[in-house]
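Predicted, not measured: the structure shown is a model, and the values here were computed from it.
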Amino acid sequence: VHLGFTSIFQNRPLVAGDTVRALFSVEKVEQTGKNKEYRVAHTTHWLLNQNNEVVVQLQKKTMFDAQQLELKSSCDKKDTLVHLHSDKSHFRQWLLQKPSTTFLPLESQRSLVPGQLIVHDLVKVVGHSEARMLCTLLYIVNPHHHNIVRYQPTDILVPGPIVMSAGMSNSALDIGEVIYEEMPLCVHPNKTNFGDQIGTLTYVMSCHPLAEGNEIEEVVIKQ
């Protein structure tokens with residue numbers, strides 16, 4: 001079961017014709033549950049392009065049944081993966097070097113104010129057939145997401161990344177054009193079942209300009 005993400009950021013852009021592959025490293029595995037019947041795996045993931053350059057980097061927490069988990073910490077391979085770790089986004093730095101006139105027109109951009117709370121009108125509902133289709137397409141094999149024979153409807157869960165994407169999509173029209181974004185933390189405190197309405201609230205924590213004339217600003221929000 002997906003528990004959440006941390007430190008998600010895009011290191012480089014993807015362009016048409018790029019080929020990508022995924023790598024991950026198991027940082028540690030912890031026991032959890034009243035009878036230690038579950039394991040929580042802490043993993044780091046990278047998406048690489050054809051030049052072995054990191055495109056996206058993130059850390060993830062996933063819970064498994066103890067009997068189903070065969071992951072071990074990747075200590076023997078850390079030396080080969082250490083060069084992939086990065087604390088800064090090359091993509092963000094590249095964008096900041098570009099003239100603001102090269103970006104999309106911002107005349108219709110909504111003004112955001114620190115302390116502002118936005119209740120977004122849009123909602124998302126993920127149906128059973130949609131989730132099963134995405135599980136097949138994305139090779140999501142956890143039976144909690146698609147096995148209606150083994151589990152009751154209340155135990156069939158919408159995958160966490162889909163919930164995260166739905167929540168962010170709800171806010172897109174109100175937030176406006178986003179040139180670049182990072183996500184330091186994403187957690188799933190409650191489960192989401194098929195047919196549940198996924199709504200979004202956005203709280204604006206801070207805003208500050210990154211270019212002369214306030215043409216580009218960095219906004220920190222919580223959703």
Legend entry - Side-chain cluster (under 4.5 Å, hydrophobic types only) that Leu185 belongs to, other residues: Val187

Please output the side-chain donor-acceptor pairs of residues 14-22 that fall under 3.5 Å, not counting sequence neighbours, one pair per line with the distance.
| residue | atom | partner | partner atom | Å |
| --- | --- | --- | --- | --- |
| Asp18 | OD1 | Gln50 | NE2 | 3.0 |
| Asp18 | OD2 | Val15 | N | 3.1 |
| Arg21 | NH2 | Asn52 | OD1 | 2.4 |

Inset, instruction - Let me know which of Glu30, Lys60, Lys28 forms a side chain to side chain donor-acceptor pair (under 3.5 Å) with His42. - result: Glu30

Legend entry - Close side-chain approach of Arg39 to Gln31, heavy-atom, < 4.5 Å: yes

Legend entry - Nearest atoms (heavy-atom pairs only) where His45 meets Thr43: NE2-OG1, 2.7 Å

Inset, instruction - Spell out, yes or no, whether Leu48 and Val55 are grouped together once hydrophobic residues are joined by side-chain heavy atoms under 4.5 Å, including indirect joins. - result: no

Legend entry - By side chain to side chain contact (heavy atoms under 4.5 Å, CB included) - contacts of Met205 (at least two apart): Tyr203, Val220, Lys222

Inset, instruction - Not counting sequence neighbours, which residues clear side chain to side chain contact (heavy atoms under 4.5 Å, CB included) with Pro161? List them please. - result: His2, Phe5, Pro159

Legend entry - Distance-minimising heavy-atom pair for Asp121 and Asp174: N-OD2, 4.4 Å

Legend entry - 4.5 Å side-chain heavy-atom contact, Glu27 and Gln59: no

Legend entry - CD (Gln93) with more than 12 external heavy atoms under 6.0 Å: yes

Legend entry - Co-membership, hydrophobic cluster, residues Met168 and Val158, 4.5 Å side-chain: no

Legend entry - Enclosure of Lys61 NZ (heavy-atom neighbours >12, cutoff 6.0 Å): no

Inset, instruction - Please check if Leu23 and Val54 belong to a single hydrophobic cluster, counting links between Ile, Leu, Val, Met, Phe, Trp and Tyr side chain heavy atoms closer than 4.5 Å. - result: yes

Just list the side-chain donor-acceptor pairs under 3.5 Å for residues 192-201, sequence neighbours left out, or say none.
| residue | atom | partner | partner atom | Å |
| --- | --- | --- | --- | --- |
| Asn193 | ND2 | Thr154 | O | 3.0 |
| Asn193 | ND2 | Ile156 | O | 2.9 |
| Asp196 | OD2 | Asn193 | N | 2.8 |
| Thr200 | OG1 | Gly167 | O | 2.8 |
| Thr200 | OG1 | Asn170 | ND2 | 3.2 |

Inset, instruction - Measure the CG-CZ distance between Asn11 and Arg92 for me, rounded to the nearest 0.5 Å. - result: 12.5 Å

Inset, instruction - Output all residues satisfying side chain to side chain donor-acceptor pair (under 3.5 Å) with Ser165, sequence neighbours left out; order by chain, then residue number. - result: none

Legend entry - Any Leu3 side-chain heavy atom under 4.5 Å of Val40 side chain: yes

Legend entry - Thr32: side chain to side chain donor-acceptor pair (under 3.5 Å) partners, not counting sequence neighbours: none

Legend entry - Remaining members of the apolar cluster that contains Leu122, side-chain heavy atoms under 4.5 Å: Leu173

Inset, instruction - Please list, chain by chain and in numerical order, all residues satisfying side chain to side chain contact (heavy atoms under 4.5 Å, CB included) with Gln116, sequence neighbours excluded. - result: Arg110, Leu112, Val113, Ile118, Val204

Legend entry - Exercise: do Ser206 and His208 side chains pair donor with acceptor under 3.5 Å: no

Inset, instruction - Take the angle between the ring planes of Tyr180 and Phe91 and call it parallel below 30°, perpendicular above 60°, tilted in between. - result: perpendicular

Legend entry - Set of residues satisfying salt bridge (charged side-chain N to carboxylate O under 4.0 Å, His left out) with respect to Glu182, sequence neighbours excluded: none

Inset, instruction - Please name all residues satisfying side chain to side chain donor-acceptor pair (under 3.5 Å) with Arg12, sequence neighbours left out, ordered by chain then number. - result: none

Inset, instruction - Please answer whether the main-chain N or O of Asn51 pairs with a side-chain N or O of Asn49 as donor and acceptor at a distance below 3.5 Å. - result: yes

Inset, instruction - Measure the CZ-OH distance between Phe64 and Tyr38 for me, rounded to the nearest 0.5 Å. - result: 13.5 Å

Legend entry - Contacts of type side chain to side chain donor-acceptor pair (under 3.5 Å), residue Glu181, not counting sequence neighbours: none

